[in-house]
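Shown next, in C-alpha cells, is the structure this report addresses.
Atom set for the values below is all heavy atoms of this structure, side chains included, hydrogens, waters and symmetry mates excluded. Quick note on labels: first sequence line is chain A, next is B, and so on, each numbered from 1.
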Amino acid sequence: MSTFLGMPSLPVFGTGNLHATESFPKAARHELNNAQLRANLGHATHTIRDKRLKVVSELPDWEQLRDAGSAIKESVMARLPELLEQFEANFTARGGIIHWARDADEANRIVAGLIRDTGETEVVKVKSMATQEIGLNEYLEEQGIAAYETDLAELIVQLDHDKPSHILVPAIHKNRTEIRDIFLREMPGADPELTDEPAVLAMAARAHLRRKFLTAKVAVSGANFALADSGTLAVVESEGNGRMCLTLPETLITVMGVEKLLPTWQDLEVFMQLLPRSSTGERMNPYTSLWTGVTEGDGPQNVHLVLLDNGRSAALADEMGRSALHCIRCSACMNVCPVYERTGGHAYGSTYPGPIGAILSPLMTGIQAEENNSLPYASSLCGACYDACPVKINIPDILVHLRSVDVDSQRGKTKLPSQMDIGMKAASWALSSGKRLGLLEKGLPLGRLAAGPDRKITRLPGIAGGWTQSRDIPAPPAESFRSWWAKEHQKPDAEGMNKPSEDTGDQA
Amino acid sequence: MSAREDILGRIRSALRDSPEVPRIPRGYRATSGLDEAACIELLVDRLEDYKARVSVVGAAEVPALIAGLLAGAGSYVVPDGLDALWLAAVDSQPGNARRRTDSAAAPLTVAELDSVDAVVTGSAVAVAETGTIILDGSPDQGRRAISLVPDHHICVVDAKDIAGILPEALRRIDGTRPLTMISGPSATSDIELERVEGVHGPRRLDVIIVR
C-alpha cells in the first residue's frame with residue numbers, strides 16, 4: 001500500500017554532481033581570467049541565440065505552444081504519483097523492467113549491477129544529464145566497467161578528463177585546435193596528420209567509435225520524454241550515436257528523472273516543437289528515437305529504466321520553486337544569460353549550469369549544501385531567461401525566492417551578527433527618523449570629496465568593501481532631495497506666505 | 001520500505017498542498033491547411049536545407065531512379081516488405097549478389113549490415129514544416145538497424161503521407177511502434193558550432209517523393 005497517509009516527511013535532498021564546491025563569485029573570478037573561454041562562449045551563445053530567434057519567429061503559434069507546454073508540465077507535477085504508476089504499468093506490460101532509485105548512489109549501484117549481470121565490462125553511452133548528475137561514469141570505472149561517451153562533445157570532454165561546460169554543447173569551451181590536440185594525445189590510432197577542420201575531426205570520432213557501436217552489448221542512455229499513457233520513451237539527438245546505442249546492443253539501460261513524464265502521446269506534439277527550436281535553433285533535430293518496452297526482433301531485447309529521485313521530490317516540495325522541474329534541458333536560458341555568457345558553465349559547479357542550474361541545484365540539494373547558496377545570486381535578475389524558456393519557468397522569481405530561503409537559513413546560525421544584519425540594523429536606525437537621516441545627509445559632500453574628479457567611488461573601506469568589488473558608486477549629489485525641498489519651500493516663507501511653524505508660534 | 005514506495009511517498013508528501021491540475025490550453029495549430037502540392041514544396045525546401053537530396057517523381061519513375069542512385073553501391077539492403085515494383089529496374093534477377101533482404105524473422109547481423117553500402121526503405125509519414133520523415137518499423141521500412149548502419153539511405157515518401165505540421169503527423173501514427181524521426185542526414189555542431197553533416201548515422205540521405 002503506497003498511498004500517502006498524511007504524515008508530512010522532511011524533504012530528502014539529492015547527492016552526486018549537483019554542488020558548487022567553491023562559491024560562485026570565487027569560481028567566476030578564475031573562470032573570467034580565461035580569455036579563450038570567454039571568446040568561445042561569446043561566439044557560441046550569440047550564434048545559437050540568433051538561430052533560435054530565427055526559427056522561433058517562423059512559428060505563428062510559438063506563444064500558444066509555450067502556454068500549452070507550461071500547463072502540461074504543471075499538470076505533470078500535480079499528478080506525478082498517478083502518472084508514474086500509469087507509466088510503470090504500460091512500460092512493464094510491454095516487456096520493460098523498471099527500477100527505482102532514491103539517490104545517486106542507489107542509481108549507480110543498480111546500473112552497475114545490471115551491467116554485471118550481462119557479463120560485460122564495456123558500455124556505450126548516449127549523452128545524458130541524469131547520468132552525469134549521478135556521476136555514473138566515475139562509479140562504473142571504480143567497478144571495473146568502462147563507459148564510452150559517444151556524443152562528439154561528450155567524447156571530447158571525456159578524452160580530455162574535463163567537465164562539460166554547457167548542457168547542450170558540452171565542449172563549447174574548447175576551440176578546434178584544442179580539440180585536435182586532445183584527439184592526437186588521447187585517441188588511440190589517431191592520424192598524426194589530423195587537421196583541425198571540424199569535418200575532419202568529426203570523421204576521426206566516427207572512425208574511433210564505429211567499432212565500439214557495432215560490438216557493444218550494453219548501452220546506457222538518458223531520456224528526454226516518457227509518455228505515461230503508452231509507456232513510451234524518447235531520445236532526441238543529432239549525430240546518430242543515440243540511434244546506435246538505442247538500437248544495436250542487446251541490453252539498454254535508461255536513467256531518467258521522475259519529472260520527465262508527459263501525460264499523453266498528444267503532448268509530444270507540443271514538446272517536439274518546443275525543444276529543437278529552443279535548444280539547437282533547428283526546426284527539428286536530425287534524429288529522434290522512440291521505444292515502448294521491448295519490440296520483438298527490433299532493437300534491444302533487455303530494456304531497463306531506472307527512475308531517479310535524487311532530490312527531485314525535495315524540489316517538488318518547494319511550492320515556489322517546484323516549477324524548476326518543468327525544465328526540458330534545452331539550454332536556451334544559458335544562451336541568453338549575461339552572467340553565463342561571461343563565466344561559462346564550470347563556475348556553477350553543478351551538472352546544471354546557467355540560470356536553470358542556479359535554481360535547480362539548490363532546490364535539489366537544499367540551500368545549505370556546500371556552496372550552493374551562492375548560486376541564486378549568480379544573476380542580475382534581468383529576466384532574459386524567463387523570456388527564452390519554452391515552458392515559461394519564472395527563473396527570476398525563483399532566484400529571489402531562493403535568496404530569501406538562503407537568508408532565512410542563515411538566521412541564528414552564528415551568535416555574531418552578519419554584515420547584512422549590521423547593515424540592515426543601521427539602515428533601520430537611520431531611516432526610521434527624519435532627524436537622523438537629515439543629520440547623515442549632511443555628510444553627502446564628504447562623499448563627493450571621496451569620489452574625486454572622476455566622480456566615482458571605486459573602493460569602500462572595511463566590510464563595506466564587498467559592495468565596490470564589482471561596481472563603482474557614483475558621486476553623491478551636493479545635497480539631498482529633502483534638504484533641496486526644504487530650501488525651495490523656504491523661499492515663499494521669506495516673502496511672508498505659509499509659514500506653519502511660525503504661525504503656531506504667533507498664536508501661542 | 002522499497003525504493004518505489006519510498007519515492008512515491010516522498011512525492012505525495014511534497015504535494016500535500018494539493019496543487020490544482022490546470023486545464024491545458026491547446027490554442028496552437030492542429031492543422032496547417034496546406035494542400036498536397038504545397039506540402040511537397042515545403043518538404044523539399046526543408047530537406048534541401050538539411051543537405052538531403054530530394055527528387056519529386058511519378059510512381060512510374062521510381063524504379064529507374066532507385067537503380068540510378070544504387071549504381072555505385074557494391075551492395076544494399078532492403079526490408080522484406082518493400083514494394084517489389086520499386087526494385088524492378090535494379091538487379092531484377094532473383095538471387096543477385098548485390099541485394100540483401102532483411103526481416104525480423106531473418107535479420108542480418110550488425111557486421112553484415114556494416115558491410116553493405118546502402119539501404120532502401122519506405123516511410124510512415126512525413127512533416128513538411130520541419131522536413132521530418134518518420135519510420136515506424138512497418139514491413140516496407142524494416143528493423144531500425146537497417147536504416148542506421150549503412151552509410152547511404154534512400155527513402156521513399158508517398159505524397160499522400162506528407163502532413164503539413166507535426167501535430168497532424170503524430171496523430172497519424174501509433175506511438176507504441178519503434179519509431180525513428182529523421183530530419184536530414186546525421187549532423188553535429190559540437191565543434192565551434194560549425195555544422196558538419198554526416199557523423200554516425202547515414203552520411204547521405206536521398207529522399208524520393210512520389211506524387
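- Taking the side chain as every heavy atom from C-beta outward, Arg243(A) and His200(B) never approach each other to under 4.5 Å.
- For the atom pair CG (Leu166(B)) and CZ (Phe271(A)), the distance works out to 13.0 Å, reported to the nearest 0.5 Å.
- By the 6.0 Å contact criterion, CD on Glu112(B) is enclosed, its count of non-hydrogen atoms from other residues, nucleotides or ligands being greater than 12.
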Between Arg211(A) and Asp114(B), does the salt bridge (Lys or Arg N to Asp or Glu O under 4.0 Å) criterion hold? Intermediate values first, please. CA-CA 10 Å; Arg211(A) 198 54 29 209; Asp114(B) 188 38; 3.7 Å; yes
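- Looking at Val127(B), there are no atoms closer than 4.5 Å to chain A (heavy atoms on both sides), in backbone or side chain.
- Under the 3.5 Å distance criterion, the side-chain polar atoms of Arg322(A) are matched with a main-chain donor or acceptor of Ala14(B).
- Atom-to-atom distance recorded for Ile182(B):CD1 and Thr288(A):OG1 is 10.0 Å, nearest 0.5 angstrom.
- No donor-acceptor contact under 3.5 angstrom links the side chains of Ser186(B) and Glu239(A), judged on distance only.
- Ion pair Asp267(A)/Arg26(B) flagged as a salt bridge, since at least one NZ, NE, NH1 or NH2 atom sits closer than 4.0 Å to an Asp/Glu carboxylate oxygen.
- Side chains of Asp190(B) and Asp151(A) form a contact here, defined as non-hydrogen atoms less than 4.5 Å apart.
- If you take CG on Leu59(A) and CZ on Arg29(B), they are separated by 5.5 Å, rounding to the nearest 0.5 Å.
- Within the 4.5 Å cutoff, the side chain of Val149(B) has heavy atoms near those of the Leu214(A) side chain.
- Once rounded to the nearest 0.5 Å, the distance linking CD1 of Ile11(B) with CD of Glu82(A) reads 12.5 Å.
- No part of Ser18(B) comes within reach of chain A, as not one of its non-hydrogen atoms sits under 4.5 angstrom from that chain.
- Heavy-atom pairs under 4.5 Å with chain B peak, among Leu168(A), Leu227(A), Ile156(A), Val270(A), at Val270(A).
- In this structure the side chain of Pro167(B) reaches within 4.5 angstrom of the side chain of Gln273(A), judged on heavy atoms.
- Within the 4.5 angstrom heavy-atom criterion, only side-chain atoms of Glu106(A), from C-beta onward, approach chain B.
- Heavy atoms closer than 4.5 Å to chain B are found in the backbone of Ala205(A), but not in its side chain.
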side-chain hydrogen bond (donor to acceptor under 3.5 Å, both in side chains) assessment of Ser183(B) paired with Arg283(A): CA-CA 9 Å; Ser183(B) 306; Arg283(A) 295 185 180 110; over 6 Å; no
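- With a 4.5 angstrom heavy-atom cutoff, Pro202(B) touches chain A via backbone and side-chain atoms both.
- For Arg195(B), the part sitting under 4.5 Å from any heavy atom of chain A is the side chain, from C-beta outward, and nothing else.
- A donor-acceptor pair under 3.5 Å links the side-chain atoms of Asp298(A) to the main chain of Arg144(B), judged by distance alone.
- Residues Leu84(A) and Arg4(B) are not in side-chain contact: their nearest non-hydrogen atoms beyond the backbone lie 4.5 Å or more apart.
- Ranked by non-hydrogen atom pairs under 4.5 Å with chain B, the options Lys174(A), Arg312(A), Glu88(A) are led by Glu88(A).
- Under the 3.5 Å distance criterion, the side-chain polar atoms of Arg206(A) are matched with a main-chain donor or acceptor of Val199(B).
- Under the 4.0 Å criterion applied to side-chain N and carboxylate O atoms, Arg176(A) and Glu194(B) are assigned as salt-bridge partners.
- Once rounded to the nearest 0.5 Å, the distance linking CG of Leu15(B) with CD of Glu319(A) reads 9.5 Å.
- Considering only heavy atoms from C-beta on, Ile173(B) comes within 4.5 Å of Trp265(A) through its side chain.
- Contacts between Pro107(B) and chain A at a heavy-atom distance below 4.5 Å are absent for every atom of the residue.
- The line from CZ of Arg143(B) to OG1 of Thr247(A) is 10.0 Å long, rounded to the nearest 0.5 Å.
- For Asp61(A) (side chain) and Tyr28(B) (main-chain N/O), no donor-acceptor pair under 3.5 Å exists by modelled atom type.
- Proximity to chain A is limited to the backbone of Glu20(B), based on heavy atoms less than 4.5 angstrom apart.
- A salt bridge is defined here as a Lys NZ or Arg NE, NH1 or NH2 lying under 4.0 Å from an Asp or Glu carboxylate O, and Arg12(B) with Glu85(A) meets this definition.
- Between Gln266(A) and Arg171(B), some side-chain heavy-atom pair lies under the 4.5 Å cut-off.
- Heavy-atom distances place the side chain of Thr132(B), and not its backbone, under 4.5 Å from chain A.
- For the pair Arg46(B) and Met284(A), the minimum side-chain heavy-atom distance is 4.5 Å or more.
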